[in-house]
Each structure stands twice: as C-alpha cells, then as structure tokens.
Amino acid sequence: MTEYALRTAPYEPQAIEQKWQSRWHDMGSHTPDLELGERPYYQLMMFPYPSAEGLHVGNLYAFTGNDIQGRFQRLQGHTVFEPIGFDAFGIHSENYALKVGVHPGKLIPRNIENFRRQIRSAGLMVDWSRSLSTTDPAYYKWTQWVFLQLLEKGLAYRKKGAVNWCPFDKTVLANEQVINGECERCGTKVEQRSLEQWFFRITDYAGRLLENLDTIDWSESTKTSQRNWIGKSVGAEIVFEIRGAVPGSGGWRESGGQLGSKDLGEARDAGSLVPSTHSSLPVFTTRPDTIFGATYLVLAPEHPMVDVLTTAVQREAVGRYRERTAKQDLVSRKVPDKAKTGVFTGAYAVNPATGSPMQVWIADYVLMEYGTGAIMAVPAHDERDFAFATVFGLPVKRVVAGEGDNSEALVDAAYTGDGRLVNSGEFDGMPVSEAARAITAWLVGRNAAKPVVNYRLHDWCISRQRYWGPPIPIIYCDSCGVQAVPIHDLPVLLPHIDDFRPDDSGISPLARHKEWYLVPCPECGKQARRETDVSDTFLDSAWYFLRYTSTDRDDVPFDSEMTKRWLPVDFYIGGNEHAVLHLLYTRFVTMVLHDMGHLGFEEPFKRFRAHGHIVREGAKMSKNKGNVVNPDSYIEEWGADAFRMYLMFLGPFEEGGDFREGGISGVKRFLDRLWKTASEVDSTGEPDRGVMRKLHQTIRKVGDDTRVLGYNTAIAAMMEYMNVLRAGERISHRAEVEPLLILVAPYAPHIAEELWERFGHAESVFEARWPNFDPVLAAEETLELVVQVNGKVRGRLIVPRDVSQEEVVQLALADQAVAKFVSSQPKRVIFVPGRLLNLVT
RNA sequence: GCCCGGGUGGCGAAAAGGCAGACGCGAGGGACUUAAAAUCCCUUUCCGGUAACGGGGUGCGGGUUCGAUUCCCGCCCCGGGCACCA
C-alpha cells in the first residue's frame, strides 16, 4: 500500500535544507579520504575574492555548475575533492578597506565568514577542512617560496623600465590590467613612470605555452584568447648597414636601456644579430618577401641608436620630437588610425637587397617594446607605412602584384593581399607564399638576416607598490647585493601598519617603516633593507590549486604523494575573464615547477571549461544599475535546491543566461511535484512498462548531458519524465521514482537526500551509484515515422521498429493525406530507418 | 580593422543534415472551491479558415542537398576580447 510514513509531511525546503547541511557537516560527508579514497577526482572552481558585498549570483552560478559536476562524478563512483579558498590579497580588498577606513586585515575574516555561510546555504559539497586564504601567512609563506624558485631558476629579474602607472590607485599595473589605456579597476587614464620592478621571464616559455594548447582539453574560446595574447609572429630579423655612421660611439644595447630595454631584461641578447659594430641596425619583419620594396627605415623615438644616428642638422628637430613623445602617455600613443607623425634623422641606411639608400626616420608608431624597436617600411604593402609615406612624401615601390595588377601599376593604397613578386630581381614571379622563405634564405646566405620568431607576450611584472600583498622575499645589502630571504626564514610577514594608504611617491607603504625593512643581511649580517614592494595577486592564484591537498603541511608547499595522487586537476571551471591572466600565469608557474622537478606534470588542469555569465533583462548586473540579485533572499524564499536548479535552467552553462524574476516558479513546481510523487508512491505490483521506458531514456539523457555541462537540457529531461510520471494524476510506482532521486541529486541535493532517507535508506544518496541505463528497456517497440513528399511533411505512420522500406512505402501510399500529394510513381525514395520516409516525385 | 561568441514564438530556450519551437515562464480557457490561493486539465509560431486543412516561417542574400536552424560563400545586427605588435 502507499507508504503513509511519507505522506503527511509537506515540502518545506528551508527545514530539510538546514537539516541536511548540518548532517553533511556532522558526518564529514564532504571531506573525502584523500589518502585512501578510490578513483580520485579533483573538481575545482576558481576561488573568489571575498568582497564585502558577499557572494554574487555570478559566483553562485559558477559554483553551482561546478558542484553539480562534482556530485555527479561522485555518483559515478569517484572520490571527489571539491575545495574552495579565498583570493583575499590585492587591490580589490585594499581599495575597499581604504574606502571604509577599516584595516583589510580586519575586514577580510569577516567577509570570508559571510562567504562560508552563503556557500554552505547553497548546499555546495565543499571540503571545508582543506580551505585556504591567500592572506594567511601559512599560505603566503609558500607564495614567497614560489618566487624564490623562479629566482633560483633565473626566471625572476629586476629591471627599471617604463611602466603603466595608475594615478588613482597609485600603483603600477600589468599590461593586462590596462584596458584601452585606462586602469581596469577604476577607469583612470594610465600614465608612464619609470620604476625598478621584479619581472618573471614568462616570454621564455611563450613557445611552450602556445604549443601545449593543442594538447589540453579546454574551452576553445579560452585557448583562442591565449593564442592571441601570446601573439606568435614568424619572420626575420634583417640587418641594415648605416651609411656614414659615426664610428666608435658604442653598441646601442649598452648605451641606454632605461626605456627601451623592454621586458626581455638585460642579459637576453645572446642570440640576437645585434652587431657590436654599431654601424648597422636590425629590424624585425614578418614580410621579408617585400624587402625589395623597403624604401626607408623607422625607429621608435626612444631607440638608443637615435642619438648615434642623428645628424647635426636634424638634432634639434629630433630632440623636440622625442621630448614630445616622452610626455605622451602610452595610451594615446597607441591609438591606431591617428595621423602619422615623425622626423627624419638625417641618416641613411642601405637596403641589403637592392643596395639603394634609405632614409632613417623616427616615429611614434614604432614601438620600442616589440621586435627590435625598428622597422623597415614597405609603404606599398603595409597600411601604416603607406600612410606615413604619404604624409612625408617618401618613395613607394610596388613589389607584389595581385591578380591582374601590372608590375608598374601605381599604388594608391597599401596592397596586403596575395600575389607574385615584381621589381624584386631574381625573385620576380615568385608567389608571395614562397617568397618569404626564399628571400630569408638568400639574405641569410649574405649574412644580412636570420629567421626569428617574435611573441607579443611581455614578461610578467609582479611588483606592486602597495600594502595588501605578500612581501617579496628579497633583501638588499650594500655589500652583498640582492639577497634572497633564506627559505627557513619564510614567511616574510606582512606587518600590521595603520598607514597603509599608498601615496604619490611610487614607493610602497612598507617603505615608510624602517622598523620593518631594516634587517641584517642574511649573508654578511650587516644592516640591509628588505624589498618593500609586495607581489601581484596573480602570483597568489597561480599555484593555489597545488595547496588544497596539503593544507595540513607546514614543512612543504605541497606533499609529493598527495600531489601525485590528486593532480593535475581533473576538471576546472571558471570565468573567461581570466583566460589570459590567471590561466596563463598558472600554466607558466606549473611548467616552471615541473622543470625544477617539483611536479610530475606541466599542465595544471586536464579539462577546463569557461562558464557563461548571468545577465538581468539583457544587461550586465552592476551595483550602479541596482539590478544585482542577492542570492540570500532567493534561497530564503525558494530554497537552495530551487535556486540552484533555476540558475542552471536559464540556459546552457557555457553560455550563461538571463535572470528573470518569474522563471523560478517552474523549477519550484517541479520540486513540489517530485516531493508529492515520492510521497505517494506505491510499492505493490509492477511498474508501468511505458514509464520505465521513459525512465531509462531519461537516465541516459541526464547522464550524457550532465557530463558535458548540458545542465539546462538535463533538467528539461527530468521535467519531461515528471510529466510522464504524473500524467492523468496517476500514482507512481516506487521503482519508477527511486532512480529519479539519484538523477536529481546533483542538482537538488537536499530534497534528494530527504526523499532517499524517507524511502528507507540509511546511507546518503551520494553513497548510491548512478542508475544503469538499460537499452532494452529504453527501446521503443513502435515508432512514429514522418512521411514527406518532396521534403514536406504530409503524414505520420506508427510502425514497428524493424519495418522495411517496401512496407513503409506501401503504408504511406495507402494514407489518404499522403497519397493526394503523390500524383505519379515516386522518382526517388529516401528512407531513414527510425526517422522518416521522403517520396520525391 | 582583426579574433571569438550569438541572432529561432510574447519571453528564457530545444533540435546526430531528417516532424522547427522539447522543457519552462507568461497569456487565454476550463475543473475543483461559497470565493480566492494552491492544484489539475486543455489551448498558445504567424497568416487564411468555424473546422478539416492550406500556405509562410529559425537576422538578410545566394549555394550544396531528396531534405538546411544545422554545411559552404557573401553581407547585416548584438555581446565580448584584442588592436599603430611591423
């Protein structure tokens, strides 16, 4: 008979959710046995910055999608580890602290507490016993260790250079943090400043970071962003001899270096063609095939060779131009389509292909930080060069003829398309596609070029002139120079200071505290000074996934056995806004630690998927618009299960969705019906054959979809099954409902647990296994076949599964609705078994 | 300018090259109720028609195919990223 024990209680999400959250906590249900658990599965979500406003729906959307996957994998028989931590250092926290006038060290624990409460109330399967905060000395001790590893490997170096300076936040920004010339955070126009900074030589890994992308299972969009960011260009460095250069004025690499030495650091020129004999100039080009059309050279205004080249007559004009450019911020200088400006240096170079003299100019459209800081201009085949040549009346020489172009045809706009070479000596007639290689080889033979690959990627500046971060573990000694803090002295604690506000000096607030920065040199013991900059937040987050499995260890950053067992991460989920920052730095740090023998793998995340974003009424949620959804009130009103399911039902997880007030009632209704159905089940007799067929189709669909993050369609499939279960107000059989509880469990874990328990199970539903899909039970005996005439649907036939084509055609022609469109014998018959019949007349 | 997404009912969205619009919201109608809420049932792409039915329809224009939301070519619009990178 009906199980009356279930019958009485109404569905009260708040009560059962609290009950199960406490029980999970008390039973340690979310704390897997990392040492012995079978089939380890590491399910990771990007850790949040614990803001004062609390968890945003965007966070919860991502976390829920992650949690569903984790719980699903657990039902597949994995021991699932789903940790979370807090990315609490950085400008975000610090700026907020400045705004409200409370020390960040006070605010952060409060915020974290609030986040934990919210995450718990959403029913996430988080292992709280292995949580971390980047601000915890027990954590950043090892962030500092990571820095020292890079230093030891020769990948950390110090350099003075032009940096992006935000006058509002009063700090240096990485290139990635400058958006259209404005500070990513506050929108203030960024200026240039020259400061000593620590850099990581990520450019040494550019090739590997790019190539490995082909081997990892990541969202294609993320990989594309990284490819674009790394920006590989294949070309050549070509050397131009300078005519009448002043002899003996010194190699240019040695001469300046303050602005121009780029991110590559000082000791990086070993393989460069830069000659020691100063009277020649290397340029980088991706179009060596157009060398015969190179009619002048352009140097970046900061190029150290400018001093050497400029003739007396031109000195004043060049000086004025350089001064003007120096004042200009990096931003407005890089705006394209701006009218071209420049000045002739008075010097001439020789085209190594033609022997013709070429004027040497300086112009701000050539950037010191890319390539060699100098270009050969081919105005006939480069839009920028063409614009420049037009303004200054420089010669334009066609060397590529497209289809139908005459070799002498005037060039009225830069032609960058395909074609064959003209006016290029022995290379005339060669297709452009072959010419680059051929001409490079020819120039190499004449010792005038070498093939070069350039990357747009810059080295990673990790210095921050701020307070709220891990101090960079370096000591400067007047006698011994730059000293690493010995590992046994880590962590270098961030002192509690009240005057943590940055000022305009460009020096970290820590530099105002002698009592902190004056320390004995670890080498000689004489008084020395600590580095007073802290490191970039992206360094904190570049290795955190390694720490979770070893949070109980104070002697190592990560335990090697645990790491071997649990890493790399099986599935990582996060936002695509981190496609080139966090995700690239993490890969880089992992590679370095691998190369140093600390890790057995070089890619941190086997599988990564970028989730979509939640908007509201088509617009981004923002505090300004006042359309931010507070998850707390929704969870309170509808229950966490309904809210989780609603978020996932909005649209495809990887595309995001539009949050609308009304929609949540649909999933709530589904849960109400689930509750009611389970409460009324009948255990006697046999389950319905047709319902069981639908059940097995649903088991397959929900499993397939959940695995690939098709959460919205998985939920739809469960709803469909619910409609079948309850059709005509029938009472369901227990065998029809029980497996559904397991399918629902990843999505709505609390109600699943409660009903599972009420069904008499002593153990959690997450100790159960995903129901087996039985293809025999799922198979339809008869099916509906669509009958088309000339591609238009004219009827349907109910036929046995194994019906033959002949039978179907006969049946179709016997159908009035079909027959009236078939006037003659069909010319062609297309029969797709199980799907359709198309008669072509 | 370049690179990614995306454009389908009133709305959120589904569709191995094979019934366009599953599932849900909203709306309309009905049942139950003294009434309302809740629940359940039916209808709901557009046009014509009481209906049976017929015709159109997945941003636009072409193409491939027996058949295209899906593949190809050329555009338009929206969102995001990059952008004087030689």
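First the proteins, then the strands, lettered A, B, ... as listed; each starts at 1.
- Toward the 5′ end of RNA chain B lies the nearest nucleotide of A:Arg726, the other residue of the pair A:Arg726 and A:Thr285 mapping further downstream.
- For A:Asn723 and A:Arg673, the side-chain atoms include at least one donor-acceptor pair closer than 3.5 Å.
- Closest to the side chain of A:Arg669, out of B:rA22, B:rU39, B:rC19, is B:rU39.
- Taking the six-membered ring where the residue is Trp, A:Phe659 and A:Tyr646 present perpendicular rings, their angle passing 60° and hence far from 30°.
- Between the P atoms of B:rC76 and B:rG21, the separation comes to 32 Å (whole Å).
- Between the C1' atoms of B:rG49 and B:rG54, the separation comes to 9 Å (whole Å).
- At whole-Å resolution of the value, CD in A:Gln805 and P in B:rG18 are 19 Å apart.
- If you take atom P in B:rU34 and the same atom in B:rG48, they sit 42 Å apart, rounded to whole Å.
- Taking atom P in both B:rC19 and B:rC71, one finds a spacing of 16 Å when rounded to whole Å.
- Of the listed nucleotides (B:rA86, B:rC25, B:rC53), B:rC25 has the atom at the smallest distance from the side chain of A:Ser665.
- Judged by distance alone, with hydrogens and angles left aside, the side-chain atoms of A:Lys676 form no donor-acceptor pair with the main-chain N or O of A:Leu671 at under 3.5 Å.
- Checking A:Asn576 against A:Thr222 by side-chain atom types alone, a donor-acceptor pair falls below 3.5 Å.
- Residues A:Val786 and A:Ile830 both approach RNA chain B. Their nearest nucleotides, taken by heavy-atom distance, put A:Val786 toward the 5′ side.
- Between A:Phe392 and A:Tyr296, the distance from one ring center to the other does not fall under 6.0 angstrom.
- Within 3.5 Å, no donor on the side chain of A:Lys827 pairs with an acceptor on the base of B:rC66, nor the reverse.
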**Asked** For RNA chain B, what is the dot-bracket line, given that a base pair needs Watson-Crick (N1 to N3, plus N6-O4 or O6-N4) or G-U wobble (N1-O2 and O6-N3) geometry with both distances under 3.5 Å, and | means paired with another strand?
**Response** (((((((..(((.....[....)))((((((.......))))))((((....))))..(((((..]....))))))))))))....
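- Put simply, CD on A:Gln788 is 9 Å from C1' on B:rC66, counting in whole angstrom units.
- Nucleotide B:rC19 holds its P atom 15 Å from the CZ atom of A:Arg794, rounded to whole Å.
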